[in-house]
Visitor: 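The structure under discussion is supplied below as structure tokens; questions concerning it will follow.
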Amino acid sequence: MDRIHNLIKEAQEGNKDAFECIVNENIGLVWSVVKRFQGRNVENDDLFQLGSMGLVKAIKNFNFEFDVKFSTYAVPMIMGEIKRFLRDDGIIKISRGLKETAFKAMKAREILILKNNKEPTIDEIAEYINIDRETLTMAINSSREVDSIDREIETDNGKDMKIIDTIAAEEDKSEKIVDNIVINETLNKLDERERRIVLMRYIDELTQSEVAKIIGVSQVQVSRLEKKILLKMREYMIS
């Protein structure tokens, strides 16, 4: 960790070589986060560029008072850049102008079908509403994209769910992954006995009395130890 911290410090002081070294060593970390966001109608390379922006921010903003690995600090920053794009500028948000154009195109299509008794072409619709073909195509595609995320799909368990709900579920899953990373880092700071007590209580779900029998102390002592350990973990997480 000292080596990474030294590189980050040098990078923050303007050392370009140190900066590039950290970036190159964490390319795999960016790609591992990108993989969690595949299937969002966004190219992987674009997601990678967004993730790289998060990595750069993590390098510039890393606080040395944080007693955590750089990767633990960087992952939420990388995810944040990607999720911000998907929420604000990506597949979900469409400009008001495009929405209005898509609505006009839909009405124009209905009118032209009634008038000519056939499906109009893109060029015919564009001419009718006095707009260029490229803008019309963009509006129609954007409208279809929003429609697609509201469409219901059948999940593995046979239940129907909207695509937008699966996106939210995936984001919740990603948040849990970050939480798990932080928890694992915190557990590694505990001594063997403390870590064993936490695992028995919260992973194996043993009672304090059961833990007391295993480690050879009283239930009251386990209660005191547990409170002390949880307090220590909390301090590690917020420090």
Side-chain angles (χ1 to χ4, degrees), residues 1-95 134 138 141-142 145 149 163-164 166-192 195 198 232-239:
M1 188 177 293
D2 289 340
R3 172 181 169 276
I4 292 294
H5 281 189
N6 288 335
L7 284 173
I8 294 173
K9 185 176 181 180
E10 291 177 17
Q12 290 178 347
E13 292 174 351
N15 187 320
K16 293 182 179 180
D17 290 336
F19 188 90
E20 291 181 4
C21 182
I22 300 171
V23 170
N24 290 333
E25 289 185 6
N26 287 277
I27 291 296
L29 183 65
V30 176
W31 278 115
S32 68
V33 175
V34 166
K35 289 179 181 178
R36 308 186 195 284
F37 293 90
Q38 290 179 336
R40 306 290 184 86
N41 291 332
V42 182
E43 295 292 332
N44 283 348
D45 287 344
D46 293 335
L47 294 176
F48 175 76
Q49 292 299 323
L50 292 163
S52 296
M53 290 170 57
L55 176 61
V56 169
K57 287 185 178 181
I59 296 172
K60 291 182 177 180
N61 298 321
F62 185 78
N63 190 330
F64 294 94
E65 294 180 358
F66 295 166
D67 190 16
V68 296
K69 288 184 178 179
F70 174 69
S71 58
T72 302
Y73 179 82
V75 166
M77 301 283 280
I78 296 169
M79 292 181 66
E81 287 299 310
I82 296 175
K83 290 169 70 174
R84 190 174 300 112
F85 170 80
L86 293 175
R87 287 171 177 167
D88 300 336
D89 302 307
I91 63 174
I92 297 176
K93 184 178 178 182
I94 301 175
S95 71
E134 289 72 20
M138 184 183 301
N141 288 337
S142 299
E145 203 163 63
I149 65 174
I163 293 178
I164 185 63
T166 67
I167 292 175
E170 182 62 27
E171 288 184 350
D172 290 341
K173 181 180 178 182
S174 298
E175 294 287 359
K176 290 179 181 178
I177 290 171
V178 175
D179 291 341
N180 287 338
I181 291 174
V182 174
I183 290 172
N184 286 333
E185 290 289 339
T186 304
L187 284 173
N188 288 334
K189 298 178 186 300
L190 303 177
D191 61 39
E192 184 177 350
R195 188 161 54 248
V198 171
K232 182 186 292 188
M233 291 180 69
R234 179 178 180 276
E235 290 174 348
Y236 283 145
M237 289 180 180
I238 65 176
S239 61

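Values reported hereafter were calculated over all heavy atoms of this structure, with side chains retained and with hydrogens, waters and symmetry mates removed.
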Visitor: Minimum heavy-atom separation for Leu190 and Arg195, please, with both atom names.
Guide: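 Reported closest heavy-atom pair: O-NH1, 2.8 Å.
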Visitor: Measure the spacing between NE2 of His5 and CZ of Phe70 and express it to the nearest 0.5 Å.
Guide: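 Between His5 NE2 and Phe70 CZ, I get 9.0 Å after rounding to 0.5 Å.
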Visitor: Can you check whether Val34 reaches Ile82 side chain to side chain, under 4.5 Å on heavy atoms?
Guide: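 Val34 reaches Ile82 side chain to side chain.
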Visitor: Heavy atoms only: give me the nearest Ala58-Met77 pair and the separation to one decimal.
Guide: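 Reported closest heavy-atom pair: N-CE, 3.9 Å.
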Visitor: When rounded to the nearest 0.5 angstrom, what distance separates CD1 in Ile27 from CG in Leu55?
Guide: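 CG of Leu55 is found 7.0 Å from CD1 of Ile27.
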Visitor: Can a donor-acceptor pair be found, under 3.5 Å and without considering hydrogens, that links the side chain of Gln12 to the backbone of Ile59?
Guide: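 Indeed, once roles are kept as given, a pair shorter than 3.5 Å links the two residues.
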Visitor: Checking Glu20 now: which residues fulfil side chain to side chain donor-acceptor pair (under 3.5 Å) with it, not counting sequence neighbours?
Guide: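 Side chain to side chain donor-acceptor pair (under 3.5 Å) list for Glu20, sorted by chain: empty.
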Visitor: Heavy atoms only: give me the nearest Val30-Ser52 pair and the separation to one decimal.
Guide: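 Taking every non-hydrogen atom into account, CG1-N, 3.9 Å.
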Visitor: Say you draw a straight line from CZ of Phe62 to CD1 of Ile22; how long is it, rounded to the nearest 0.5 Å?
Guide: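 That separation rounds to 9.5 Å.
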Visitor: Kindly indicate whether the side chain of Asp45, heavy atoms from C-beta on, has any atom under 4.5 Å from the side chain of Gln49.
Guide: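 Heavy-atom side-chain distance check fails, nothing below 4.5 Å.
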Visitor: What heavy-atom pair brings Glu81 and Leu50 nearest, and what distance separates the two atoms?
Guide: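 Between these two residues, the closest heavy atoms are CB-O, 3.3 Å.
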Visitor: Identify the heavy atoms of Cys21 and Leu7 that sit nearest to each other, and give their distance.
Guide: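 Cys21 and Leu7 have their closest heavy atoms at SG-CD1, 4.0 Å.
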Visitor: Looking at Glu13, I want to see if its CD is surrounded by more than 12 non-hydrogen atoms of other residues, nucleotides or ligands under 6.0 Å.
Guide: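 Yes, because the 6.0 Å sphere around CD of Glu13 holds more than 12 heavy atoms from other groups.
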Visitor: Where is the tightest heavy-atom contact between Asn61 and Tyr73, given as atom of each residue plus distance?
Guide: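 Asn61 and Tyr73 have their closest heavy atoms at O-OH, 3.2 Å.
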